[in-house]
Amino acid sequence: MKMIFLGPPGAGKGTYASRLTAILRIPHISTGDIVRDEIKTQTELGNAIREYSDKGELVPDEIIIRLLTKRLRKPDSERGFILDGFPRTKKQAEALNKISKIDLVINLNVSDDIIIKRLSNRLTCKKCGTIYNKLTLKPKKENICNECGGKLYQREDDKPEVIQERLNVYRKKTEPLIEYYRKKDLLKNVSCDDLMTPPEVIVEKIKLVIDSVQKSRS
Ligand SMILES: [Zn+2]
């Protein structure tokens, strides 16, 4: 099953995708990770990407598409994959359409209210980057990292007013994208209405959607 996960920042895409990847034995392909790896290995492309991000500019679509084409050609993607972080616009979806078939698009529906509560309670370790949550994933000692003893802090982009702005941008950009996949009859919605819903419950919901799509198409 070749899948795309859509959802606002803080919807839990990464968490659900990495759990499903273990169950379904298909890779979780995050364009964010691919880009970071490319920068780290200092390839020519990686250095070009670094220049864009140093200037605070978006990495052009054609670079992401080149990296993604390379990644999707690896043998482990043949049986399927979960794509996360791409596409974000209708234009990107059309480009993706040219390099891979897509079987299913999972749209994670999470209200702004829940996202803001979740992200504004997020704490990050200054030293090792481990993420905690004041409501759902508390550290053993207040404001101290379980892993390394580092100090926990709130990232600038996890502040409520910044989150609201990110959500507005997301909704505006992805609306046409959601419509694009709905028209192709590939879109399935999975909702999370409660902040305290454990990830396993949502993963199970997604799994049921995947199973039913697989059945209806076989
Ligand atoms: Zn730490």
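Each ligand, and each atom within it, is numbered from 1 in the order the structure gives.
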Lys/Arg N to Asp/Glu carboxylate O, [X] vs [Y], below 4.0 Å:
| X | Y | answer |
| --- | --- | --- |
| E179 | K90 | no |
| K215 | D211 | no |
| K101 | D103 | yes |

- Item | F81 six-ring centre to K2 NZ/CZ under 6.0 Å and within 45° of normal | no
- Query: With sequence neighbours excluded, what pairs up with S53 under the side chain to side chain contact (heavy atoms under 4.5 Å, CB included) test?
  - Reply: I39
- Task: Give the intermediate values and the outcome of side-chain hydrogen bond (donor to acceptor under 3.5 Å, both in side chains) for residues N107 and N189.
- Result: CA-CA 5 Å; N107 183 34; N189 289 299; 2.9 Å; yes
- Protein-side N, O or S atoms sitting under 2.8 Å from the Zn ion (ligand 1) are C125 SG, C128 SG, C145 SG, C148 SG
